[in-house]
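So that the names make sense, note that chain A is the first sequence line, chain B the second, and so on, each numbered from 1.
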Amino acid sequence: MSDNKSLQSSRREFLGKSAVAGAALAAAGSGLVLTRMAEARAPDQPVSNKVRWGLLVDAARCVDGCTDCVTACHEENGIEQSGHAETDPQWMRKVELKDERTGYQLSLPMMCQHCETAPCADVCPTGASFIRADGIALVDRHICIGCRYCMMACPYKARSFEHETVTKQKPHAPRGKGTVEACTMCVHRVDSERLPACVEACAAAGHNAIMFGDLKDPNSEIARKMASEPSRAMRADLKLNPGVRYQGV
Amino acid sequence: MAKMKNLYYRNIEGTSPGYWGLLGALALMIVAGLGAAYYMEHHGHIVTGMSNQVVWGLPHVFAIFLIVAASGALNVASIGTVFGKQPYQPVGRFSALLAMALLIGGLIVLVLDLGRPDRLIVAMTKYNFKSIFAWNIFLYTGFLAIVGFYLWAMMDRMVGKYYKPAGVVAFVWRLILTTGTGSIFGFLVAREAYDAAILAPLFIIMSFAFGLAIFLLLIMGIYGATDRELSDSVLRRWKNLLGVFVAAVLLLVVIYHLYKLYITRTHGIESFILLNGGVYTSLFWIGQILIGALLPLFIIFTKLGHSRFWIAIASVAVIVGGIAQLYVIIIGGQVYPLPLFPGMAASSSFSDGVVAHYAPSLPEFLLGMGGVAIALLAVLFVVKVLDILPESLGDAVLNPPAAS
Ligand code: SF4
């Protein structure tokens, strides 16, 4: 913890709050202990690049047919399905995979992979697509012109274009017809020391297939797990260094 | 500019019922296009064929066609100015005008298809300099300014001394512009269809062919309708040039596909486009190759090429083939699933692993045609009010018998 001491002393005393977060998790039946939630940003503080938020998905734990994470994500962010399958936004989706040679099947959640060198942010003409200092990929809905170039560029098909008038949007997740949107890693929750909705829902269902944490802190549970067990980035050949990684694929 | 005997520019009269009828028809098309844009804006893109899988649809095919053709249309002026070829100089004004009009038509379609066209001002004031799209905004506006000045230098003796440098700058600028347009796709590394460096030169050659085809059609149309003289020998040179461009496009397309076939990783998209992609395969073989390349080549390099009617058919074929080619590149490249999980068969609620569906809707088509109409109306109107076109493009003007 030595390299974190200065950080913690200089920035905040959130240890109490992390205990709350831990309690909430325990209540949810989770085995996760999110010590690093203490690094979350208070509203009056600038986003720090000393942390990099990330997710670790364990496909072996992800249950075929379960869509609790997707439901929680869409509920949390006010995503409504209007019955137009091809145009309805999907911030998160379950993908069923089958090894073409062995027949081995698995299923996993796909969402914005929060790349470090994100193609969406590179191609966006106005800078509406950007990567926050703490690694979260976002769209500034006020300057998105709806050109969809970011959707063309995204290797993960993680983005949706709002094809219709948005109803029932949530104050923490502003959305609008004619702009592009995607998983925000529940940035509003992260900023108030809460877990992303998908992580929470997966834990509540007892699957614990998605882990959230600070990839830059070698002592965080997510970083320790990634250091000791194999995990991979999707489309690693593109060298985008995504903040979302997968195990068991 | 080298002096030419008997070369006088004069505006067309533009008083015939035919002229006004044509203008009226184009105006109607523009109104329909704007109406379609408003309809799409009001209801959202739900009323188009586009989806979260196919995010760029028919409007982009039209817009990119017009933008690519715009830079090619300037070719004629460039050959005259930069390479000093005489028979090209008299039509330099028209070539520059056509280039500007096509670009404006294309840009309007592009902007009106945005999710938030009302935020155009954002696009003009906030730049992400890493984005090729942002650079293209400069390239396009710069093109209009430079070609506008070039046209002025051709028309006004006062600034005539800048004719040559303006022509050179415009020539270089348009090459960069088309490279920029082609690079829009080159940056999409995750999509297999676009992951090829050859796309930029391919777009440049495509621009030569499309631009010249439109140029030829309009010149023949206007000179025919106004009973002005148009030299057969020069027309023959131009159509031969068109043939060379079409052959070059075909060659690059062959290289592109051989390259993709050489890379095992891209065999999927190749067999999709070339063999089993349904409408995309048909558009490739029938639209792009047969109509867009083989038919015009046959017309141009056989006896048929001596007839103006057949030259016009060849030009139309190049345009139709060009639209088909862009459709295959833009839409075909999107409907084919992204290779997210190599070696795995994927399925999801979000079209993973399956070929996406796209059928263009009427509003998209009307918007695209509206852009074409804007370009044509601008050209036909400006040649009526300004001295753009030579009174005669006869042999006496273009190929004076003795030394000029
Ligand atoms: S759609 Fe919006 S966020 Fe995406 S590239 Fe265009 S302006 Fe940027």
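Note on Arg265(B) versus Asp237(A): no salt bridge recorded, every NZ/NE/NH1/NH2 to OD/OE distance being 4.0 Å or above.
The contact between Met50(B) and chain A is made by backbone and side chain atoms together, counting heavy-atom distances below 4.5 Å. Pro339(B) touches chain A through backbone and side chain together, each having a heavy atom under 4.5 Å away. Both the backbone and the side chain of His357(B) come within less than 4.5 Å of a heavy atom of chain A. When heavy atoms are compared at a cutoff of 4.5 Å, Tyr194(B) approaches chain A solely by way of its side chain, counted from C-beta outward. Interface residue Phe350(B): backbone and side-chain heavy atoms are both found under 4.5 Å from chain A.
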- Message: Let's go through Glu164(A) and His43(B) carefully: what are the C-alpha distance in whole Å and the side-chain angles of both, what is the deciding distance for side chain to side chain contact (heavy atoms under 4.5 Å, CB included) to 0.1 Å, and is it a yes or a no?
- Response: CA-CA 7 Å; Glu164(A) 292 172 86; His43(B) 291 274; over 6 Å; no
- Determine, step by step, whether Val123(A) and Ile132(B) satisfy the side chain to side chain contact (heavy atoms under 4.5 Å, CB included) criterion, reporting the C-alpha distance in whole Å, the side-chain angles of both residues, the deciding distance to 0.1 Å, and the verdict. CA-CA 6 Å; Val123(A) 302; Ile132(B) 185 75; 5.7 Å; no
- Message: Test side chain to side chain contact (heavy atoms under 4.5 Å, CB included) on Ile184(B) and Met152(A); report intermediate values, then the result.
- Response: CA-CA 10 Å; Ile184(B) 289 175; Met152(A) 289 290 279; over 6 Å; no
- For the pair Asp113(B) and Arg148(A), evaluate salt bridge (Lys or Arg N to Asp or Glu O under 4.0 Å) and give the outcome as yes or no after the intermediate values. CA-CA 10 Å; Asp113(B) 180 63; Arg148(A) 286 104 75 201; 2.8 Å; yes
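Within 6.0 Å of atom CH2 in Trp91(A), more than 12 heavy atoms from other residues, nucleotides or ligands are found, so the atom counts as buried in its surroundings. By the 6.0 Å contact criterion, NE2 on His267(B) is enclosed, its count of non-hydrogen atoms from other residues, nucleotides or ligands being greater than 12. Within a 6.0 Å radius of CZ in Phe365(B), other residues, nucleotides and ligands contribute 12 heavy atoms or fewer.
For Ser348(B) and Glu96(A), the side-chain atoms include no donor-acceptor pair closer than 3.5 Å.
For the pair Val55(B) and Tyr149(A), the minimum side-chain heavy-atom distance is 4.5 Å or more. For the pair Leu108(A) and Phe341(B), the minimum side-chain heavy-atom distance is below 4.5 Å. You'll find the side chain of Lys126(B) stays beyond 4.5 Å of the side chain of Pro125(A), heavy atoms only. Side-chain contact between Ser347(B) and Lys98(A) is absent, with no heavy atoms from C-beta onward closer than 4.5 Å. Side-chain atoms of Leu340(B) and Tyr156(A), non-hydrogen and from C-beta on, do get closer than 4.5 Å to each other.
Per-residue heavy-atom pair counts under 4.5 Å with chain B were compared for Met234(A), Arg159(A), Met151(A), and the maximum is reached by Met151(A). Among Lys94(A), His163(A), Arg93(A), the residue making the largest number of heavy-atom pairs under 4.5 Å with chain B is His163(A). Ranked by heavy-atom pairs under 4.5 Å with chain B, the list Asp99(A), Thr87(A), Asp122(A), Leu106(A) is led by Asp122(A). Top candidate by heavy-atom pairs under 4.5 Å with chain B, chosen from Cys147(A), Gly176(A), Gly127(A), Ala153(A), is Cys147(A). Heavy-atom pairs under 4.5 Å with chain A were tallied for Leu114(B), Leu338(B), Val122(B); the largest tally goes to Leu114(B). Here Cys144(A) is the residue among Cys154(A), Ala128(A), Pro119(A), Cys144(A) with the most heavy-atom pairs under 4.5 Å with chain B.
The CG atom of Asp88(A) sits 10.0 Å away from atom OG of Ser349(B), with the distance rounded to the nearest 0.5 Å. Residue Ile121(B) holds its CD1 atom at 13.5 Å from CD1 of Ile143(A), rounded to the nearest 0.5 Å. Here OG1 of Thr126(A) is found 12.0 Å from CZ of Arg116(B). Values are rounded to the nearest 0.5 Å. In this structure, CZ on Arg119(B) lies 6.5 Å from OG1 on Thr179(A), to the nearest 0.5 angstrom.
The backbone N or O of Cys124(A) lies less than 3.5 Å from a partner atom in the side chain of Asn128(B), making a donor-acceptor pair. The backbone N or O of Glu41(B) lies less than 3.5 Å from a partner atom in the side chain of Lys177(A), making a donor-acceptor pair.
Using bins of under 30°, 30° to 60° and over 60° for the plane-to-plane angle, the ring pair Phe161(A)/His45(B) lands in the perpendicular bin.
Leu238(A) and Ala190(B) get closest at one heavy-atom pair: CD1-CB, 4.1 Å.
Using a 4.5 Å cut-off between non-hydrogen atoms, the part of residues 66-86 of chain A that approaches chain B consists of His84(A), Glu86(A).
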